[in-house]
Amino acid sequence: MDSILSLAAQNLISPIILFFVLGFAAAFARSDLSVPEAVAKGMSLYLLFAIGFKGGASVAAHGIDETLILSILAGVVLSFVLPFIAMALLRVMTGLSAVDAAAVAAHYGSISIVTFVAASSVLSTAGLMSEGYMVAVAAAMEAPAILAALWLVARADAKSGQGGGMDAGLLREILLNGSIVLLIGSFIIGGITGQDGLDKIASFIVSPFQGVLCLFLLDMGLVAGRGLRNARHLLKPGLFAFGVLMPLVGSLMGLGAGLALGLSTGGVMLMMTLSASASYIAVPAAMRVALPEANPSIYLTLSLGITFPFNLTLGIPIYLAIARAITGG
Amino acid sequence: MDSILSLAAQNLISPIILFFVLGFAAAFARSDLSVPEAVAKGMSLYLLFAIGFKGGASVAAHGIDETLILSILAGVVLSFVLPFIAMALLRVMTGLSAVDAAAVAAHYGSISIVTFVAASSVLSTAGLMSEGYMVAVAAAMEAPAILAALWLVARADAKSGQGGGMDAGLLREILLNGSIVLLIGSFIIGGITGQDGLDKIASFIVSPFQGVLCLFLLDMGLVAGRGLRNARHLLKPGLFAFGVLMPLVGSLMGLGAGLALGLSTGGVMLMMTLSASASYIAVPAAMRVALPEANPSIYLTLSLGITFPFNLTLGIPIYLAIARAITGG
Amino acid sequence: MDSILSLAAQNLISPIILFFVLGFAAAFARSDLSVPEAVAKGMSLYLLFAIGFKGGASVAAHGIDETLILSILAGVVLSFVLPFIAMALLRVMTGLSAVDAAAVAAHYGSISIVTFVAASSVLSTAGLMSEGYMVAVAAAMEAPAILAALWLVARADAKSGQGGGMDAGLLREILLNGSIVLLIGSFIIGGITGQDGLDKIASFIVSPFQGVLCLFLLDMGLVAGRGLRNARHLLKPGLFAFGVLMPLVGSLMGLGAGLALGLSTGGVMLMMTLSASASYIAVPAAMRVALPEANPSIYLTLSLGITFPFNLTLGIPIYLAIARAITGG
Amino acid sequence: MEMHKAKRVEITIEAVMETRLTEALIKAGVTGFTILPVLAGSGRSGQWSREGQVSRAGGMINVVCIYSTRTSGPLLTAAFAVVSPHRVVSVRIVKCCAQSGSLK
Amino acid sequence: MEMHKAKRVEITIEAVMETRLTEALIKAGVTGFTILPVLAGSGRSGQWSREGQVSRAGGMINVVCIYSTRTSGPLLTAAFAVVSPHRVVSVRIVKCCAQSGSLK
Amino acid sequence: MEMHKAKRVEITIEAVMETRLTEALIKAGVTGFTILPVLAGSGRSGQWSREGQVSRAGGMINVVCIYSTRTSGPLLTAAFAVVSPHRVVSVRIVKCCAQSGSLK
Ligand SMILES: Nc1ncnc2c1ncn2[C@@H]1O[C@H](COP(=O)(O)O)[C@@H](O)[C@H]1O
Ligand SMILES: Nc1ncnc2c1ncn2[C@@H]1O[C@H](COP(=O)(O)O)[C@@H](O)[C@H]1O
Ligand SMILES: Nc1ncnc2c1ncn2[C@@H]1O[C@H](COP(=O)(O)O)[C@@H](O)[C@H]1O
Ligand code: NA
Ligand code: NA
Ligand code: NA
């Protein structure tokens, strides 16, 4: 407990968290500070490119671990199962309609790549290694949750002709969405070019990485803060509680999977973080197409306004402490 | 005098000045070279983030100087007083209306953060240190000039119901404008995380800084050149003379303050530069809201087309030479 | 032959090529991966800035070579002559109208700066030097081809009043287009500030260069792939064959020029690459103004969809192998 | 320049629906349209802004389509089939004229 | 899809006035509007362009607001109260129709 | 606010033609116009998008010009002289009103 607190405190005064808090506070104070959309997108491309490539290069360096395939499979299963748990919690804790609840559930099965990046950077500050292929696990966990949610909607509301529309076009869009393609593509290129390739571009993707992450989290703080301020009337206590409880529940599922797979301490902690995190890029876009009746303010506010800040500030140190305590790492 | 000239010559052939000149010349030759708005904004966010953070980390390293508070107070007073001097000079030297003159005066009380950055980089080339908190002084000098100008308008033209509109909304916008929030926020975060934080992101905010500044000044040259070309018919000799005289007058006020505070040679030179520089980001935006009757072409052309290039090329070496001669640094 | 193949293979698994391929494949799979226009433009400004500056600094370091002027002249002549050859080939190989053929011909006389950059990076991987002023040759080769093409149209179709419109405005636009101005401007500034200047900004323009190039080529792959997918119905076999044959023909002309000038192995290879490459930035823009009747899909698809990928993957290793074999470098 | 009578439909729709809408238009024989970016907006589903956003989910585009008055039927039907389940749609029709030949 | 008669106001105003204008609209009960970015323009106060600009001072936005013909009074009054002291405003009203329910 | 009758011309033209068109407008005495960015489009010369583009060749802009009904002649003539050789032009005229004084 003590170590969690001191770790949380240490995490809270790292530059990346402080810039997130700065953005959050600026949005609440209604400052006009803002990052242009193109710059924000450019930074997100940079982050996906960098973590994908580094993951691939690390796999190339350490050899393909026998648990790689199993870990990816575990990720797919987790992503598909978590929405069902989320749905059950939502029906108990909140008064959301079936469609709104399913849309929210999809977000919690999927993952937030920035939370993953922040966790990786906490890991490296703590001097812990992790499996390079966790990046591939992250990519594999993006999509299955969406299918689970659509299935939930179809089941809950078999008569409503509108909802849960899944067609070939949407399936292609989900599986080939920009962030998955860039992440997996960079991972493969990093794997092919290995240490040689990494040496060539290290001063672009390794050394400035933390700084770009600070600026990006400033923007995330601004967006999350602005969203929360605009939609605070939606935040009933039940919803708020779900936004904090669900990541903890998810992290325990991730813990189980990580231990079963025999991952390193860092790998277990990243598996917990992935399961705990909620999507705010790929899934919202898919929901606008597949479940247009669901209210975007609800799922965006929950995942970006509550769960993302929670994971960033308190969740990550908690997951690390638990992973360390249990694996003895 | 000799040293001023050789310093000016040396300053003039530094990459940052030459890129400014390139942009200026390209704009005058009507080249279609241009920097997208989003990229220009992205670079300005980077510069604010970097100088704020470095300033804060430097304060953390050297301890809080007893003159920190006094220097900030001096900055606030200078920013409030300079518009009155500018106003008096404008009424004598030009035929501007009271509203236009007040709007111009507000710009000269406030500061140009890019001029400050360029001066800092000349300082470090010259091997001189300065107080890290000068960044905070810069931030403190952004806003008071706006209040002074509105007061000037209200006094000059008590009957005109329209002008000088200052309400709670505008005051919040001015005090919480994006650049102040980012600068002060980064300063505080730099102060909290100190050398540790700086080490983490140094390869983002320290090493590439000069290069980004070159590209940014290329853009400033393009914008300043285009503005000057479009509005050259406005540039009566009196206005032009004001654009060169006022920074010199301001720098002397800054010199007095810097000496009184007992700042280092570098600190005195930065105080002179801040007082000499004119805003072209925060103040124009505030003037569009508060003094919509003032002609934006006049104040933008003066501050960005005349005073900014003057300070960048001749002003900065002059201020450095004077600061050195007087403080013996 | 063997060395060409192994070099091609080695080239094909470099990160920059693999990211191009990733973009190309993503576009064909209709992924929604995309780079914002402002970010793409920002990266192209960065690349022009960096290669211009490094070229200038290298000239400053090695002294002005007596062949500098001759090389630039040779570039101008090549750029003017190549469209005539391209025109002749197009009339034989394809059924394009005179106007469309002339527009295509203009692209092949001019150059692709990204192909030049990719070739330079292959050179430095191979441990070869080249003349720093090749950057100036590249800039000099951008425009003459446009004049040649307009002359071709005027000759082919003296009656059609519309086509081939060249006026003072267009001439200025072509000669002062953004990329020429930035490239030449940075070259001159690099030359003036020399090694000193380069040291100041090396961590911006040297170390992260390869990484930015990867991201930029990802975008080029996306744009080329999307263009090719949309316009594949235009790609008759004759056109396709021209898109592969013409760069080879061009490279031989460049080879002759390089040998006649007595350039280094690297210089010869770059001269071949410049002659082989086709423009897709400056010339298309000029053609929209000067030859609005020409179909942009044809010239963009050929230069960006066929010749650019060909040069990037196979052409560059071929040119390097030939240059090495003949100069013995 | 000869002017013809035409209609102008303007559809504000989620950015993620762009491909679906344009494919529906092209399928309906409508090959002329222009897409404008949208910065921010407000409607029944609340206020939003593109500032700092990375996801395409939180944004709209503005699709403008000019067509001759004779072809209105199929156009509207095709567009509305895509558009109707979405809450965030505004369709406006104005009388206007356009350069001959650019309509379909 | 049922069409109703509606008005379309288009206001070109300085970007710094955005919040003031939208707050005035919302206060007046107008909750539907769309904001388009503007690249460049020209008017009585001269020509301008957003290229390379950092300050929001030198730019405009385009606010489009569609509303039923019955609610025109309060809308215009609210918008114009914000807009009138500014020289850089253009208001245009066109007859148009919009999907039922998206107007207020 | 007094409203006047006015015309609204909207020209979709290649971005590279921007300066030529605005210079022609200004020469014709038309000093009020607004330029909107265009994201993507489709017409007789095919579909295009600005995503990831560096060249200005592959893009359009949207020039909106409001002018009093009395000055239509010279405006159209000036604009069309620039515009006509280009295939990618759409001109639309709508009846509308604008704030007095901002027209020319
Ligand atoms: N009355 C209106 N006038 C202009 N734009 C509107 C109007 N209603 C909705 N919109 C636009 O359409 C989007 C979706 O509307 P809604 O589905 O009502 O939330 C809004 O965010 C606005 O950009
Ligand atoms: N007649 C017009 N047609 C279209 N846009 C206009 C017109 N007049 C003004 N504008 C726009 O409104 C802005 C401010 O106009 P002004 O206050 O006249 O300088 C201009 O920069 C244009 O973007
Ligand atoms: N009917 C139309 N409605 C709206 N925009 C159009 C229409 N036709 C053409 N455009 C726009 O004008 C551009 C050039 O048209 P075109 O010359 O026909 O290829 C297109 O890319 C569209 O952006
Ligand atoms: Na999750
Ligand atoms: Na000042
Ligand atoms: Na060539």
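By convention in this document, chain letters (A, B, ...) are assigned in the order of the sequence lines, proteins followed by strands, and residues within each chain are numbered from 1. These numbers were taken from a predicted model, which means no experiment stands behind them. Values below: all heavy atoms of this structure, side chains included; hydrogens, waters and symmetry mates excluded.
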Interatomic distance, E/Gln47 atom CD to F/Thr22 atom OG1 [nearest 0.5 angstrom]: 5.5 Å
In short, F/Leu36 meets E/Pro37 closest at the heavy-atom pair CD2-O, 3.4 Å
Quick one: pull up OG1 in F/Thr34 and CD in E/Glu10 and give me the separation to the nearest 0.5 Å. 8.0 Å
Nearest heavy-atom neighbours spanning E/Val38 and F/Ile35: CG1-O, 3.5 Å
Side chain E/Ser42, main chain F/Phe33, donor-acceptor under 3.5 Å: no
